[in-house]
**Q** 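Mind looking over this structure? Questions follow.
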Amino acid sequence: MKKKELIIHLQKSIKKHTKIDVDESNFDTDLFDLGMDSIHAMEITSDLEELLDIIVDDRDIANFRSINQILEYFSKSYED
Amino acid sequence: MKTKKNFHDFMNDTKRDDIFSNLNEFDTFINDIKERKKYAFRRTLLEGSTSNVDILNHDGSQKKMIMMSSNNYLDMATDPRVVKGAEKALQKYGYGSGSVSLLAGTFEIHRTLSKQISNFYTREDTIIYPTGYSANIGVISALMKKDDLILMDTYSHASLIDGTKMTESMVKFFKHNDMKHLEKLLERLRSKFGGVLIITDGVFSMDGDVCNLPKLLELKKKYNARILIDEAHGVGVIGKTGRGTEEYFNKIGEVDIISGTLSKAPAGLGGYITGSSPLIEYLRHFANSYIFSTSLPPAVIGGLIEVFSIFCNDQSRMHMLHKNITLFSGKLRELGFDLGNSCTAIVPIIIGDDEVTYQMSHELAELGIMCSAVVFPAVSKTQARLRISLMATHTKDEINFVLEKLEILGKEHGVIS
């Protein structure tokens with residue numbers, strides 16, 4: 001999967017669970033400042049797990065501080 | 001550099017060349033809160049912890065306060081029977097045990113307490129740890145291996161989560177008390193892992209609700225998993241005779257691993273795991289938090305032996321607590337406060353705004369009521385709350401006084417209409 005494709009899926013998942021629209025201008029914003037909480041992070045991660053057919057250790061979600069950090073975490077699953 | 005506004009901002013600072021780099025900034029942050037008189041932690045108790053306590057505040061003032069912040073649910077901490085039991089053990093055995101349990105730190109009274117707890121839960125054996133925290137990290141780290149899977153409720157206590165950090169198992173959280181989500185995870189993942197452990201609190205420490213034990217047991221059997229219930233806030237206070245979540249749901253003997261603390265309703269110190277003899281014997285030899293910790297002091301054990309004797313023979317305090325819960329929570333709900341699904345002595349009054357929560361907690365303290373403000377990141381941003389812990393010995397007058405003040409402040413701050 002291309003990175004751009006993953007970003008679109010990620011944006012859709014964020015909108016679905018949080019009603020928040022995100023774009024590259026806020027990819028470095030702290031997730032909590034964007035209005036997300038740990039449950040949102042878990043739900044979004046679950047969507048990506050299903051999409052990419054991988055299993056994420058939920059303890060890693062605590063390290064997701066921004067959308068760029070989420071993308072970095074899943075970087076093995078996409079091409080640039 | 002972004003100015004740090006709350007505790008959450010101090011977590012996960014990774015780029016640094018000195019492990020102390022955060023300390024001065026945090027010190028400034030905390031001192032600012034204290035100077036603005038918003039620091040609500042570590043007030044000093046000037047006497048034994050009971051329902052009404054003399055407190056020294058940070059500004060130097062001293063005040064008698066109604067204690068709504070303690071885990072001493074049955075007011076056992078200063079109970080004369082328990083104190084006498086502690087004194088007797090202190091006289092006979094001295095003030096410290098002097099060794100770890102496996103070597104020279106197991107006294108006959110440790111074995112007596114272990115047997116009492118086993119009988120209390122209708123289990124074969126019990127291991128006693130120095131704290132509830134160490135019991136949880138001990139059992140999880142000793143049992144769980146690399147190819148195993150841990151499924152835990154998102155609201156599980158920090159000690160359970162920290163226990164998972166000491167394993168190489170896969171860890172997945174299921175949404176709080178959401179059995180459909182748990183089953184979805186089991187369906188998807190069960191076949192990919194070896195052993196599976198489902199972990200949950202029995203009574204949840206921030207929300208005062210109870211896990212869905214019947215459904216958890218159904219899922220554990222269906223998917224061949226084990227289950228661990230943390231009874232820290234359930235022991236002595238829920239179930240017909242105070243035997244906790246199993247008894248509450250009439251499922252005695254069905255949980256694989258029960259953990260608990262001896263510091264809440266039992267009002268002492270320590271933690272325990274109770275279960276089958278093979279489980280407990282294994283933990284004695286493989287749980288580092290047990291192996292490498294000195295056993296509990298004899299006086300504490302002496303007091304706890306009295307406590308469990310009272311638990312078995314006299315449930316009057318528990319009934320008093322239940323009456324207070326009905327009175328207090330019932331009235332708060334009538335007034336329009338949101339208490340979530342609380343049905344125990346832990347009563348969260350959900351405010352939803354950190355600043356209002358802090359302010360109400362501060363104003364309650366000025367009125368002589370000590371309760372906790374719980375804000376982000378301990379709970380999510382929209383779930384800031386006052387956390388009230390009821391005690392068996394709160395009088396009707398004290399309960400009504402607190403209700404009256406909560407009503408006034410709730411209306412003033414727009415929490416209720």
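Keep in mind it's a predicted model, so treat the numbers as computed, not measured.
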**Q** Identify which part of Leu189(B) has an atom lying under 4.5 Å from any heavy atom of chain A, answering side chain, backbone, both or neither.
**A**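 Contact with chain A involves the side chain of Leu189(B) alone.
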**Q** When you compare the side chain of Ile55(A) with that of Phe193(B), does any pair of heavy atoms fall below 4.5 Å?
**A** yes
**Q** Could Arg59(A) and Glu168(B) be called an ion pair, given the rule that one side-chain N must be under 4.0 Å from one carboxylate O?
**A**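 Not counted as a salt bridge, because no side-chain N and carboxylate O are separated by less than 4.0 Å.
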**Q** Can you tell which part of Thr164(B) gets under 4.5 Å to a heavy atom of chain A, answering side chain, backbone, both or neither?
**A**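 Contact with chain A is through both the backbone and side chain of Thr164(B).
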**Q** Quick check: do Met42(A) and Lys172(B) have side-chain heavy atoms less than 4.5 Å from each other?
**A**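 They are not in contact (no side-chain heavy atoms under 4.5 Å apart), so the answer is no.
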**Q** Step through the shown structure and confirm whether more than 12 heavy atoms of other residues, nucleotides or ligands are within 6.0 Å of CG on Asp23(A).
**A** yes
**Q** Which heavy atom of Arg188(B) sits nearest a heavy atom of Ile54(A), and at what distance?
**A** NH1-O, 4.0 Å
**Q** For His176(B), is it the side chain, the backbone, both or neither that has a heavy atom under 4.5 Å from a heavy atom of chain A?
**A**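 Contact with chain A: none, neither part.
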**Q** Below 4.5 Å from any heavy atom of chain B, which atoms of Gln69(A) appear? Answer side chain, backbone, both or neither.
**A** neither
**Q** Just verifying a value: how many Å separate Phe173(B) CZ and Ile61(A) CD1, rounded to the nearest 0.5 Å?
**A**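 Phe173(B) CZ to Ile61(A) CD1: 8.0 Å, rounded to 0.5 Å.
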**Q** I'd like to know whether CG of Asn341(B) has more than 12 heavy-atom contacts from other residues, nucleotides or ligands below 6.0 angstrom.
**A**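 Check fails, neighbour count at 12 or below.
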**Q** Tell me, out of Thr45(A), Val56(A), Asp37(A), Ile39(A), who's got the most heavy-atom pairs with chain B below 4.5 Å.
**A**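 Of the options given, most contacts go to Val56(A).
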